[in-house]
Amino acid sequence: MSSVTRAVRPALDRKVGTRTAARFAHPAVLLVGIVLVALNMRACLAAVSPMVAEIQRSFGLSASAAGLITTVPVLFQGVGAPLTPRLTRRFGAERVVLGAVLLLGAGVLLRVLPSVLALYAGCVVIGVAIAVLNVSMPGLVKREFPHRAAAMTGVYSTTMLVGATLAAGLSVPLEHALGGGWRASLGAWSLLALVAAVAWLPQVLKARQERVAPVRTLAAPTRPQAPAASPWKSGLAWQISAFMGISSLLVYTLVAWMPQILADHGMPRGEAGLVFAFSNLVQVAGAFLVPLAAGRMTRQRGLAAGMALLNAAGIAWLLLAPVSGAWFSAAVLGLAQGGSLGLGLAFIVLRTDSVPGAARLGGMSQAVGYLVAAAGPVGAGLLHQVTGGWNTTLLVMLVLAVLAAAAGWGAGRDRTV
């Protein structure tokens, strides 16, 4: 290689790298990646719900052991959340998201192996992978769309619910189409994770190009920054965490028991399933519209309290008129639950002033939130077993909704953690 070639080659490499990074940086490429990743974040959880009875028969599980199939991933979403900020600092958010999506696909495949140990190990892996994605995505959205963070939060929270709705609706048809029983149906969702990983790969390559690109200008001297404050010491962070935790508990409790509540009051099981599906469909609208509204407000106190009180209204109607008012309750609860999810995620970007701050707050709020949420289905089932009915469970949920309104009122202040 000549001296001229050696001199020119680095410049050419930098030029090619710059062009590659610019191509991968196109907002449309990033948006497709975010949407496909978000589709995975609830799909593998929702897909298992229609299959629980078949899994239970396949392994001879008790009812409580079968309930762990849905509870374990929620629990490990809380356990895995605080670890994510360290991972993103060390490896970069793009690589962490790619690794989490691949881990999610591996967990889906592990869950369908012919072993009870593999079943629950897969649930653990899925929960940890979703935890990493839950914490990583708000920071990425805040960094890449700083002036439209709340709106983009609405996009990906809506996509999460769309993925869950499609998975719940397609699980049984996939079982029939593939002819491999529940294992083939659930295992097929690993393909969606693979597609998302391929779509996200450009972001990893873009981040790599940006890391190796030479600095063309001398950086101005900067003052040493003070250590970042821990969100665990912030009252505002605890209010956000309480709002997310109680809202999630109400969601997962009704996911586990709403069809059973309706059926126990005399509604045909087929109709109870349709009411539940309708509620999930309405959640999509709430998850999209509420973050959009939040992004246009300086304070979101009324919006947060309103979502919690809508939750209370839907639960109260379910308590007073469980059959005749079921469709109305489903609509109100769907709007409240979808809106609370979107608003809770929006708080992570609205109540922080930096990407690392969003990651730290996301790690805390989702750790607290999912650990609290994991107690909902189990606690509701125990109350039902002790009392022989659902009224006590619904009354406790009503009180919790009021507490969520109080937490949301504090979380909606115009302050940062």
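Distance check, rounded to the nearest 0.5 Å: CG of L395 to OG1 of T387 gives 10.0 Å. Here the CE-CG distance, from M267 to L274, works out to 9.5 Å after rounding to the nearest 0.5 Å. Taking CG of L303 as the reference point, atom CE of M297 lies at 5.0 Å (rounded to 0.5 Å). One finds the CZ atom of F278 at 11.5 Å from the CD atom of Q283 (value rounded to the nearest 0.5 Å). Here the CZ-CG distance, from R42 to N40, works out to 11.5 Å after rounding to the nearest 0.5 Å. Considering OH of Y156 and OG1 of T159, their distance stands at 10.5 Å, rounded to 0.5 Å.
Side-chain contact between V37 and M137 is present, with heavy atoms from C-beta onward closer than 4.5 Å. Using a 4.5 Å cut-off on side-chain heavy atoms (C-beta onward), L254 and L318 make contact. With contacts defined as side-chain heavy-atom distances shorter than 4.5 Å, the pair L170/W189 qualifies. Side-chain contact between W200 and L30: present, with at least one pair of heavy atoms (C-beta onward) separated by less than 4.5 Å. In this structure, L113 and L110 have side chains that are in contact, with non-hydrogen atoms separated by less than 4.5 Å. Side-chain atoms of R89 and P356, non-hydrogen and from C-beta on, never get closer than 4.5 Å to each other. Residues I34 and E144 have side chains not in contact (no heavy-atom distance under 4.5 Å, counting atoms from C-beta outward). The closest side-chain heavy-atom distance from R183 to R111 is not below 4.5 Å.
Under a cut-off of 6.0 angstrom, the local environment of CH2 in W317 is sparse, with at most 12 non-hydrogen atoms contributed by other residues, nucleotides or ligands. When the shell of 6.0 Å around CZ of F288 is examined, it contains 12 or fewer heavy atoms from other residues, nucleotides or ligands.
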(request) For M397 and T393, run side-chain contact (heavy atoms from CB on, under 4.5 Å): C-alpha distance rounded to whole Å, both residues' side-chain angles, the deciding distance at 0.1 Å, then the answer. (result) CA-CA 6 Å; M397 292 173 66; T393 298; 4.1 Å; yes
(request) Just do the side-chain contact (heavy atoms from CB on, under 4.5 Å) check on H384 and T392 with the steps written out, would you? (result) CA-CA 8 Å; H384 174 65; T392 302; over 6 Å; no
(request) Given side-chain contact (heavy atoms from CB on, under 4.5 Å), test F243 with L343 step by step and report yes or no. (result) CA-CA 10 Å; F243 177 78; L343 184 57; 4.2 Å; yes
(request) Evaluate side-chain contact (heavy atoms from CB on, under 4.5 Å) for M307 paired with V290, printing each intermediate quantity in order. (result) CA-CA 9 Å; M307 289 300 103; V290 171; 3.8 Å; yes
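Shortest non-hydrogen contact noted between A150 and G295 is CB-CA, 3.4 Å. In this structure, V74 and Y370 approach most closely via the heavy-atom pair O-CB, 3.5 Å. Residues S190 and V108 come closest through the heavy atom pair N-CG1, 3.7 Å. The shortest heavy-atom contact between G78 and L371 is CA-CG, 4.0 Å. Heavy-atom minimum distance, I240 versus S365: CG2-CB, 4.3 Å. Listed here is the closest heavy atom pair of V96 and S136: CG1-OG, 3.8 Å.
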Scan the side chains in residues 399-417 for donor-acceptor partners under 3.5 Å anywhere in the protein, sequence neighbours excluded, and list what turns up.
| residue | atom | partner | partner atom | Å |
| --- | --- | --- | --- | --- |
| R413 | NE | G410 | O | 2.8 |
| R413 | NH2 | Q239 | OE1 | 2.6 |

When the side chains of residues 116-134 are checked against the rest of the protein, which donor-acceptor pairs come out under 3.5 Å, sequence neighbours left out?
| residue | atom | partner | partner atom | Å |
| --- | --- | --- | --- | --- |
| Y120 | OH | A65 | O | 2.6 |
| N134 | ND2 | Q77 | OE1 | 3.1 |
| N134 | ND2 | I130 | O | 3.4 |
| N134 | ND2 | Q366 | OE1 | 3.4 |

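Of the possible donor and acceptor atoms, none in the side chain of R360 sits under 3.5 Å from a partner among the backbone N and O of W232. Using modelled atom types, one side-chain atom of S157 and one backbone atom of A287 make a donor-acceptor pair closer than 3.5 Å. Side-chain atoms of T253 never come within 3.5 Å of backbone atoms of L250 as a donor-acceptor pair (strictly under, hydrogens ignored). For the pair S171 (side chain) and A47 (backbone), a donor-acceptor distance under 3.5 Å is present. Judged by distance alone, the side chain of H265 and the main-chain N or O of P322 form no donor-acceptor pair under 3.5 Å. In terms of modelled atom types and a separation under 3.5 Å, the side chain of T88 and the main chain of P85 share a donor-acceptor contact. In this structure a side-chain-to-backbone donor-acceptor pair under 3.5 Å is present from S241 to A237. A donor-acceptor contact shorter than 3.5 Å links the side chain of K142 to the backbone of T352. In terms of modelled atom types and a separation under 3.5 Å, the side chain of S279 and the main chain of A330 share a donor-acceptor contact.
The closest side-chain donor-acceptor pair between E94 and Q203, if any, does not fall under 3.5 angstrom.
Ring geometry, W390 versus W257: the interplanar angle falls from 30° to 60°, so the pair is classed tilted.
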